[in-house]
Amino acid sequence: MGNRKPKPKKPSDLNESDFLGIVMQLVIKVDNKGLSDKQKILVNGFRQDLTYAEIAEKNYLNSENLRKEATKKLFPLISKALTEAMKTPIEVQKTNFITLIEHWNAIDNKGISVENSFVKSKTKINIFTELKNKLSGQQQSELSPIIKSYLPDNDNANFEEIIDKIINLPDDKDLLRILFRLTQDSRINSYNRSYIEQTIQELKKPLNITDTDYNAWIAEIPAINPEPDNRENINNYLIIKIEESKSQANTSHEYKFAACFLQLNTSQSQGNNYIPLPVDSSVSKDVYTQKDITNILTKIIEDCHERGGANLNIEFFTNGKLLYTNFESWEYNCFDSLTQLKRVYFVNVRSLMRLENRYRNQPVYKNWKSRWERLTTNSIDTQTVNNSESYLCQETTLWSNLCASTQEDLEQFFKRSLKYGIPLAVGSRCHAQEAIHRTEINTLLQGIQINQLSTKVQEVRRESPDNLEDKPEHLGHHLLCFLEDPNRMPPFHYLTSQHLG
């Protein structure tokens, strides 16, 4: 896998003389000798967000001596000065040096209560730190470009830098307005939206903002929400081909496995955009066990994110009985913890049959493409849906509800969807809950656009407990989703298990 890009430098907005002057004026309050020459060099280096090695190389000094000077003398000196000035304990480190000095400069210039301002700032930092800790790396990747759209000049900022920018907004009104806009943005799913709404409520009390004030502020906001894209709102795909091995010497399941990465926002052309994902040589072989696949998923998901895979969604292409597998509950290692795919990603299943020449050469292929085009421009209607052939063969039929009382009926209903080129089929694996789940799915999908489908399905899946024994009747344990886009046809004829070795 490729190396991660180094975090970009984030120097202070203040120039060298202004920044140094602010630090010297602060230090002189507790030590009239001020700063030594070596300490001035360190302050200027920290202002540029340089490492000790970079500061040392630039000034022909020893990096370890500079580190000792900072930790033993400079940081304690400035900590003492800020603690005395702000009437609250402050611990200065290299990581917070720029933030603390710029904050001191801002409140000192305004002549406002230093103590109250800093306590308020610390509270905001704590609340946003809690928000960051709740969000997975994938969720942060999804939110970053959306938040950037409400903040100027942040094209290269990572998630942490974006949050710092929001915290440091001079007017709390602007901060809360941005958070409110995010709760109204159709690009943000309800899972992330709930965290943002909770953050707003937690900020009100320490910032002394009443509900009346807050409601008045948001009432002034013009409607600027972007128009939703009528295509499915997905940029990147981890595409997996999985087939059960026919030569099994034992009872445990073994699979043939291949994978590729597709980044749709680079080009809509087919072929060259599909990037084969190699499996680490330590597990590369002809067939894979479930344990092997957990390790493989961990590696290739990381690979996708290193390739720029924000808004990553996962598609399993398969056939036969595997079409009804609970792939969304398969696990990968996320931050040293086994995590079900559905907790982080939208998981979709597709039929390998639709990739075969015998399917693409039949009239059904044209029916599939024309139905797909209508599905992308019309909302989903669940009022008349059924699985009869007389219904499915109609040109206006765009989706199928696969809930059935037996596994045999479920498979039969799915075959009919293939036969008539139906681009969307949603159902349940729990046949005992057929009637209830059928109604729940119809309610879930009624009137939505296709670009909302992944969010709706993922919400239901995430609401289910990790263990099937907990709430075994919950739809989220059993929800099947077959979303078949004829414009995405992976070239699996050269993506084989051997190709991954």
Nearest 0.5 Å please: distance from the [atom1] atom of [X] over to the [atom2] atom of [Y].
X      : Y      : atom1 : atom2 : value
Glu197 : Leu182 : CD    : CG    : 11.0 Å
Thr376 : Arg371 : OG1   : CZ    : 14.0 Å
Ile196 : Leu179 : CD1   : CG    : 7.0 Å
Ser464 : Lys342 : OG    : NZ    : 3.0 Å
Glu161 : Ile163 : CD    : CD1   : 11.5 Å
Ile293 : Tyr288 : CD1   : OH    : 9.0 Å

May I ask you to check whether [X] and [Y] show a side-chain donor-acceptor distance below 3.5 Å?
X      : Y      : result
Asn96  : Thr99  : no
Asn401 : Asn442 : yes
Gln407 : Glu411 : yes
Glu389 : Tyr420 : yes
Glu202 : Gln198 : yes

Determine whether more than 12 heavy atoms belonging to other residues, nucleotides or ligands lie under 6.0 Å from atom NZ of Lys415.
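No - once you tally the heavy atoms of other residues, nucleotides and ligands closer than 6.0 Å, there are 12 at most.
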Verify, without hydrogens or angle tests, whether [X] (side chain) and [Y] (backbone) share a donor-acceptor contact under 3.5 angstrom.
X      : Y      : value
Asn378 : Arg374 : yes
Arg416 : Asn387 : yes
Asn467 : Glu469 : no
His478 : Pro472 : yes
Asp292 : Thr289 : yes
Ser245 : Lys256 : no
Arg438 : Ala404 : no
Asp303 : Lys299 : no
Arg461 : Glu328 : no
Asp213 : Ile209 : no

Any [X] side-chain heavy atom under 4.5 Å of [Y] side chain:
X      : Y      : value
Glu373 : Asn487 : yes
Ser428 : Leu475 : yes
Leu444 : Thr382 : no
Leu398 : Ile380 : no
Gln290 : Tyr255 : yes
Thr339 : Val344 : yes
Glu395 : Asn367 : no
Asn333 : Thr294 : no

Is the NZ or CZ atom of Lys204 both under 6.0 Å from the centre of the six-membered ring of Tyr214 and within 45° of that ring's axis?
yes
Among Leu297, Ile240, Ile239, Ile300, whose side-chain contact (heavy atoms from CB on, under 4.5 Å) with Ile314 holds?
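In the set Leu297, Ile240, Ile239, Ile300, the residue that makes a side-chain contact (heavy atoms from CB on, under 4.5 Å) with Ile314 is Ile240.
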For Asn319, the option from Glu243, Met353, Glu244, Glu356 that meets side-chain contact (heavy atoms from CB on, under 4.5 Å)
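Going through the options one by one, the only one that passes is Glu243.
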I'd like to know whether the aromatic ring centres of Phe316 and Phe327 sit less than 6.0 Å apart in this structure.
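Between Phe327 and Phe316, which both carry aromatic rings, the centre distance is below 6.0 Å.
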Any chance the rings of Tyr365 and Tyr359 have centres within less than 6.0 Å?
no
Give me the ring orientation class for Phe482 and Tyr324: parallel if the planes are under 30° apart, tilted from 30 to 60°, perpendicular past 60°.
perpendicular
Could you report the tightest heavy-atom contact between [X] and [Y], atom names first, then the distance?
X      : Y      : answer
Ser379 : Gln449 : CB-NE2, 3.8 Å
Ser390 : Cys393 : O-SG, 3.4 Å
Leu392 : Asn386 : CD2-O, 4.0 Å
Leu323 : Arg350 : CD2-O, 3.8 Å
Glu484 : Trp368 : O-NE1, 3.0 Å
Lys419 : Val364 : O-CG2, 3.1 Å

For a side-chain contact (heavy atoms from CB on, under 4.5 Å) check, start with the C-alpha distance between Ser351 and Leu418, then their side-chain angles and the critical distance, and finish with the verdict.
CA-CA 9 Å; Ser351 171; Leu418 289 176; 3.9 Å; yes
side-chain contact (heavy atoms from CB on, under 4.5 Å) between Met489 and Leu355: does it pass, once the steps are laid out?
CA-CA 7 Å; Met489 305 288 279; Leu355 301 183; 3.6 Å; yes
Is a salt bridge present between Glu459 and Arg343, judged by a nitrogen-to-oxygen distance below 4.0 Å?
no
Passes side-chain contact (heavy atoms from CB on, under 4.5 Å), Leu453 versus Cys481? Steps please.
CA-CA 10 Å; Leu453 176 74; Cys481 183; 4.1 Å; yes
Taking it one step at a time, do Thr397 and Gln394 satisfy side-chain contact (heavy atoms from CB on, under 4.5 Å)?
CA-CA 6 Å; Thr397 300; Gln394 297 174 23; 3.7 Å; yes
